[in-house]
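This report concerns only the one structure given below.
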Amino acid sequence: MSNRSPAGDPTAVLAAHWSESERRLYPVATTNPDAYQSAVRLVRAVADALAEVEDLDALAEQWERRSDVVDGALRVTGDIAGYRLPEPEIAGAAFAMRRRELLAELAERRRRDCIAAAREAGQAWAVIHEQGDLDSGLVDPYQRIELHLATGLAVVSTVEPDPSTMKPAYVVMVAALGDEHGETADLDAASFGDVETSDRELFEDHRLTMKGRIEAAGS
């Protein structure tokens with residue numbers, strides 16, 4: 001399973017523009033703090049106005065009427081100072097915020113679906129997150145999260161840069177996801193420690209070993 005934006009995401013191209021709008025607002029914090037705080041309130045108000053937008057297709061459609069959305073939020077807040085900042089930045093930042101919320105909601109639904117499917121199939125583990133390409137090294141960093149259903153502990157397998165060499169480091173660690181994702185047992189995730197190697201071939205061995213340790217501890 002992947003938590004990447006779904007194929008054909010209608011907001012994929014717009015997202016880059018929206019993120020740039022957010023970045024353009026940051027300098028205002030130092031040059032005009034009052035205007036920045038006003039802008040933040042207005043961005044939040046616009047994002048709140050988009051709360052009823054339930055998917056990415058609808059969000060892309062709303063972008064076509066962004067001026068109306070911003071005007072409506074301005075009437076609600078009565079915050080004139082924020083409106084002195086460029087409308088595209090206000091709108092873009094708000095749409096970026098709502099897009100992140102929608103993607104998080106989508107990812108959570110997918111995680112829950114994976115957990116439900118694994119339970120129904122009688123499986124001990126559920127892959128609740130997977131992204132990147134293991135063969136690409138640091139170009140498209142790989143991460144995989146496998147949840148042990150009986151304990152609520154997850155094995156997190158990640159490729160990240162080694163700060164001393166800037167080459168790929170293959171790391172396996174344990175995280176406690178809690179009752180939200182499993183029947184959390186009285187186990188300390190930190191007690192399992194992290195395992196790191198520069199040898200990709202050992203990466204899989206470390207992952208399987210860590211899963212075995214969790215299964216043994218939870219039995």
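No hydrogens, no waters, no symmetry mates; every other heavy atom, side chains included, goes into these values.
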Please lay out, stage by stage, how Asp71 and Arg66 fare under the test salt bridge (Lys or Arg N to Asp or Glu O under 4.0 Å).
CA-CA 9 Å; Asp71 287 343; Arg66 55 192 176 276; over 6 Å; no
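- Summarising the geometry, atom CZ belonging to Arg41 is positioned 12.0 Å from atom CG belonging to Leu74; distances are rounded to the nearest 0.5 Å.
- Looking only at atom types and distance, the side chain of Glu160 has no donor-acceptor partner in the side chain of Tyr170 under 3.5 Å away.
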Test side chain to side chain contact (heavy atoms under 4.5 Å, CB included) on Val172 and Phe203 and set out the steps.
CA-CA 8 Å; Val172 177; Phe203 190 38; 3.7 Å; yes
Side chain to side chain contact (heavy atoms under 4.5 Å, CB included) assessment of Arg44 paired with Met97
CA-CA 8 Å; Arg44 182 67 262 181; Met97 183 180 295; 3.2 Å; yes
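- Under the 3.5 Å distance criterion, with hydrogens and angles disregarded, no donor-acceptor pair is assigned to the side chains of Gln143 and Ser157.
- A distance of 14.0 Å separates CD1 in Ile115 from CD in Glu120, rounded to the nearest 0.5 Å.
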Run the side chain to side chain contact (heavy atoms under 4.5 Å, CB included) test on Leu147 and Leu149 for me, step by step, so that the C-alpha distance in whole Å, both residues' side-chain angles and the decisive distance to 0.1 Å come before the verdict.
CA-CA 6 Å; Leu147 177 69; Leu149 302 181; 4.0 Å; yes
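- The two atoms that bring Leu59 and Trp18 nearest to each other are CD2-CZ3, 3.8 Å, heavy atoms only.
- Taking the six-membered ring for Trp and thresholds of 30 and 60 degrees, His17 and Trp63 have ring planes more than 60 degrees apart, a perpendicular arrangement.
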Please output the side-chain donor-acceptor pairs of residues 189-198 that fall under 3.5 Å, not counting sequence neighbours, one pair per line with the distance.
residue	atom	partner	partner atom	Å
Ser191	OG	Asp188	O	2.5
Thr197	OG1	Asp199	N	3.0

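- Taken to the nearest 0.5 Å, the CZ atom of Arg144 stands 11.0 Å off from the CD1 atom of Ile128.
- Side-chain N or O atoms of Ser19 include one that pairs as donor or acceptor with a backbone N or O of Ala15 at under 3.5 Å.
- Note: the hydrophobic cluster containing Tyr26 also contains Val40 (ILVMFWY, side chain heavy atoms under 4.5 Å, direct or indirect links).
- Between the side chains of Glu215 and His148, no donor-acceptor pair of N or O atoms lies under 3.5 Å.
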Stepwise, does the salt bridge (Lys or Arg N to Asp or Glu O under 4.0 Å) test hold for Arg207 with Glu146?
CA-CA 10 Å; Arg207 184 182 71 82; Glu146 299 168 274; 2.7 Å; yes
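- Contact of the Thr11 side chain with the Phe95 side chain is not registered, since no non-hydrogen atoms from C-beta on lie closer than 4.5 Å.
- Cluster annotation: Tyr142 and Leu202 are assigned to distinct hydrophobic clusters (Ile/Leu/Val/Met/Phe/Trp/Tyr, side-chain heavy-atom contacts under 4.5 Å, transitive).
- The side-chain contact (heavy atoms from CB on, under 4.5 Å) test with Met210 is passed by exactly one of Val155, Val156, Leu153: Val155.
- Here the CG-CZ distance, from Leu106 to Arg99, works out to 10.5 Å after rounding to the nearest 0.5 Å.
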Report the C-alpha separation of Glu22 and Arg100 in whole Å, then their side-chain angles, then the decisive distance to 0.1 Å, and conclude whether the salt bridge (Lys or Arg N to Asp or Glu O under 4.0 Å) test is met.
CA-CA 13 Å; Glu22 287 185 301; Arg100 286 194 295 271; 2.9 Å; yes
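- At distances below 3.5 Å, at least one donor-acceptor pair connects side-chain atoms of Ser136 with backbone N or O atoms of Asp140.
- Considering all non-hydrogen atoms of both residues, Asp205 and Glu201 come closest at OD2-O, 3.9 Å.
- Residues Ile214 and Val174 are in side-chain contact: their nearest non-hydrogen atoms beyond the backbone lie under 4.5 Å apart.
- Ala49 and Val69 get closest at one heavy-atom pair: CB-CG1, 4.2 Å.
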Stepwise, does the side chain to side chain contact (heavy atoms under 4.5 Å, CB included) test hold for Val43 with Leu25?
CA-CA 10 Å; Val43 167; Leu25 286 178; 4.1 Å; yes
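- The two residues Ser21 and Ala93 have their closest heavy-atom pair at CB-N, 3.8 Å.
- To the nearest 0.5 angstrom, Ile145 atom CD1 is 8.5 Å from Gln131 atom CD.
- Nearest heavy-atom pair across Arg23 and Ala16 is NH2-O, 4.5 Å.
- Distance check: Asp55 CG to Glu105 CD gives 10.5 Å after rounding to the nearest 0.5 Å.
- When all heavy atoms are compared, the tightest approach of Ala126 to Cys114 is CB-O, 4.0 Å.
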